[in-house]
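By convention in this document, chain letters (A, B, ...) are assigned in the order of the sequence lines, proteins followed by strands, and residues within each chain are numbered from 1. Bear in mind that the values here come from a model prediction, so they are computed numbers and not experimental data. Any value given below was found using the heavy atoms of this structure, including those in side chains, with hydrogens, waters and symmetry copies removed.
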Amino acid sequence: MALFGSLAERLNHIFSKLTKRGKLTELEIKTAMREVRIALLEADVNIKVAKDFIAKVSEKALGQEILQSLNPSQQVIKIVNEELIALMGSANAKLEVSPKPPTVILMCGLQGAGKTTLCGKLAVQLKKQGKKPLLVAGDIYRPAAIHQLQVVGGQAGTEVFERGTQSPVKTAKEAIEHAKRMGYDTVVLDTAGRLQIDETLMQELENIKKNVEVSETLLVVDAMTGQEAVNVAKTFNERLEVTGVILTKLDGDTRGGACLSIKAVTGKPIKFIGVGEKLTDLEPFYPDRMASRILGMGDVLSLIEKAQQAITEADAKKKEKKMRENTFTLSDYLEQFEMMKKMGGVSALMGMLPGAKLKVREEDIDEKKIERTRAIILSMTVAERENPSIINSSRKRRIAQGSGTQIQEINQLLRQFDQAKLLMKHMKNGKGKFKMPF
Amino acid sequence: MGLFGKLFAALKKTKDNVATKLRMLFSKNKLGDEFYDELEEILIGADVSVTMAEEVVEQVKAEAIDGRIKDGDFVTDLLKDIMQDILDEAPMPEINYPCVIMLVGVNGVGKTTTIGKLAHYFTAKKKSVTVAAADTFRAAASDQLSVWADRAKVRIVKHEEGSDPSAVVYDAVSSAKAKKTDVVIIDTAGRLHVKDNLMNELKKMNRVVEREYPEASFYKFLVLDATTGQNAVSQARAFDGAVDLDGIVLTKLDGTAKGGFVISLCGDLHIPVIFVGTGEKMEDIALFNSEEFVEAIL
């Protein structure tokens, strides 16, 4: 992936020689689509799915007027992005609730997909919604699987129903009776991991569905799965009528194209994504964010959300006003550093920016330098922070001593600050110099 | 057919498909762009990395210019040769005793199960084995390993859940030294390769072994799930960067996934595959055999 850079860069390269007006020609589309194809395949989108997708997008893109505000590569990305989002379905499907409780949720999937951990995460989520969930241990094969669920259940503060290694069908039935008696409104059935070609174990799941009324059959899939994802999803869906998919381990650097393949072959919505090892690390699925991720365009929306959590609206308004009036001071500069720290540091933020992941490697971002800058500003008096122009050489000496830095570093900071102010002035005038991607 | 061949029985079925596909492809398209595209897709369909698939196809193209390609079977043989050459770039290391084997990998690839199988593999070779439950993070991980240790009848060193994994490693290594155990196998918690703090924890365990037991051979194996896609290379690169990998254990090969990414691991990163695992029985592990792998994948 790093070899080629982001899709946006590659497309830019292709279109760099073209004029920015007119229509996209067939040849241009074809070359561009080759790059899109590689991006999809590198994201583990199934080959057949990628092919169909490309065919559809090519048709759409052909002969399209190039919008004045976009260059051709942005135009193509826009079409690809929109089609991906459309293919992945509606945003954020909710869990089905049975009209006569308890609602039964059956978890299934390959070994190691993360079913047991996910049971705990679901329990936490359900409890947050005011529900009363019961976890049921149905993995009677893997050593210590029951104990693992008990520990996870303990962490989630949820009862775990287990009957040792008796048949999971029987355990499921008894668990539902138990839930009715004890007033649990949701029953989550954990099951053993199994290969889709394992006849005996697939039958076991079918038997559970025959014997108890299941509202949701959730297929748990590792986001790092490759071309095999389609075979897995297809078989599970054919035999068990899956109602939704949960994608796990998305906190890694996988682009998660498997989810697109699954959606395309089963038509079933992706309901949640697992994004960490803590039981609270379960998030709703957003097709638009996933589309950006598959195309290697970073997760701008998550970044915005993070920023929103760190900055209150009033704060933002105040800052915006300051920027507009160009009364931005070093105190504000300092505040920005603090905010950045709150949001998880520069490297975490850079990872979410489109293209940045490839260009900026972690070692290139010097968090230490940022710390020094902070120290310098903290060593200034309030008057100096508000009006840096009063900082003469004797003040500089004092600041350097106070912050344990060199005078040159202080000069550098002041220069940077001036540049930042200049930049804001330009932004205020808004001559389209800083055009957003789309 | 060796044990490895038996493990690959499921894969063999797909073998005919590819050969037939190539034959049909050839009669239909001759050697044009479409032919090469489809060839590339066959490889990517087996989870060979996109860049490696492109490289292999380029090599086939180069042969075609010489005009030597006559039919589909020739292409199949050519592909086999190319892949075999790539796999040979990473030779398998000899295992010397006493040794310490540390298994690392992302969550859910089958590290604990593999340890059970490896324990059995070495005891069958009449070696004494100690396993170390250094996955102190996942709920009930050490219980799971205890069950495997019982089955394989080997000694286990474990601490409480949540304790320092390096301390477990230290204890296991010290006791192995004292008892002159042939093989120490260390289980580690699954971790995503992008999490720096967890990768640092691994480096620490690595240092403990190197410092406390320099006289033993130390092998660090990455456990990879055969159903993994393009991300496998990224995982291998990150773990190799952290602990300098000696090899790969490829698990869950009993499905229909082919694990084609190992071609990249050998070719680009020069990390050989040592063991392959299938199933959940203790005996379901074998040494990797590159010839049979190539046969199976094509």
Side-chain angles (χ1 to χ4, degrees), chain A residues 1 3-4 34 37-39 41-44 46-48 50-51 110-117 120 141-155 193 195-198 222-229 231-232 248-249 251-258 276-277 347 351 362, chain B residues 10 37 40-42 44-47 49-51 53-54 106-113 116 137-148 150-151 161 189-196 198 225-235 238 251-252 254-261 280:
Chain A
M1 192 174 97
L3 203 63
F4 293 99
R34 282 192 75 87
R37 174 175 165 273
I38 290 175
L41 293 178
E42 280 183 335
D44 288 317
N46 179 269
I47 285 183
K48 244 192 78 52
K51 248 185 166 168
L110 299 182
Q111 289 94 338
K115 287 176 294 303
T116 307
T117 308
Y141 307 100
R142 181 161 59 95
I146 296 174
H147 187 200
Q148 187 186 350
L149 189 67
Q150 282 169 332
V151 174
V152 167
Q155 287 164 357
L195 287 166
Q196 77 277 13
I197 52 168
D198 188 326
D222 185 330
M224 294 178 275
T225 312
Q227 296 288 326
E228 179 72 355
N231 296 333
V232 174
T248 60
K249 305 179 207 172
D251 42 338
D253 59 354
T254 175
R255 307 252 289 271
E277 298 197 334
S347 27
E362 214 133 300
Chain B
D37 278 356
E40 195 183 290
E41 280 170 12
I42 289 171
I44 295 171
D47 286 320
S49 78
V50 176
T51 37
E54 284 176 333
V106 301
N107 317 62
V109 289
K111 284 178 295 301
T112 310
T113 306
F137 181 80
R138 180 166 59 95
S142 69
D143 294 329
Q144 189 185 347
L145 190 63
S146 295
V147 174
W148 280 109
D150 276 352
R151 286 184 190 167
E161 211 164 284
R191 64 200 76 219
L192 288 179
H193 49 292
V194 295
K195 310 218 160 157
D196 282 345
L198 294 178
D225 183 333
T227 55
T228 311
Q230 306 282 330
N231 195 244
V233 180
S234 166
Q235 290 174 28
T251 59
K252 308 189 202 173
D254 36 0
T256 45
K258 300 184 189 67
F261 52 77
E280 304 196 353

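At distances below 3.5 Å, not a single donor-acceptor pair connects side-chain atoms of A:Lys249 with backbone N or O atoms of B:Leu192.
Interface residue B:Phe137: only side-chain heavy atoms are found under 4.5 Å from chain A. Only the side chain of B:Glu280 has a heavy atom closer than 4.5 Å to any heavy atom of chain A.
Among B:Lys195, B:Glu161, B:Arg191, the residue making the largest number of heavy-atom pairs under 4.5 Å with chain A is B:Lys195. Interface remark: of the candidates B:Thr228, B:Val147, B:Val233, B:Thr228 forms the most heavy-atom pairs closer than 4.5 Å to chain A. Of the listed residues A:Ala144, A:Gly154, A:Pro143, the one with more heavy-atom pairs under 4.5 angstrom with chain B than any other is A:Pro143. Counting heavy-atom pairs under 4.5 Å between each of A:Lys51, A:His147, A:Lys48 and chain B puts A:His147 at the top. Of the listed residues (B:Ala46, B:Gly229, B:Ala141), the greatest number of heavy-atom pairs within a distance under 4.5 Å of chain A belongs to B:Gly229.
The nearest pair of heavy atoms linking A:Val152 to B:Ala139 is CG2-CB, 4.3 Å.
Taking 4.5 Å as the limit, some side-chain heavy atom of A:Ile38 sits within range of a side-chain heavy atom of B:Glu54. Two residues are said to be in side-chain contact when any heavy atoms from C-beta on lie closer than 4.5 Å; B:Lys252 and A:Glu228 fail this criterion. Looking only at side-chain heavy atoms (C-beta outward), B:Thr227 and A:Leu110 come within less than 4.5 Å of each other. In this structure, A:Asp253 and B:His193 have side chains that are in contact, with non-hydrogen atoms separated by less than 4.5 Å.
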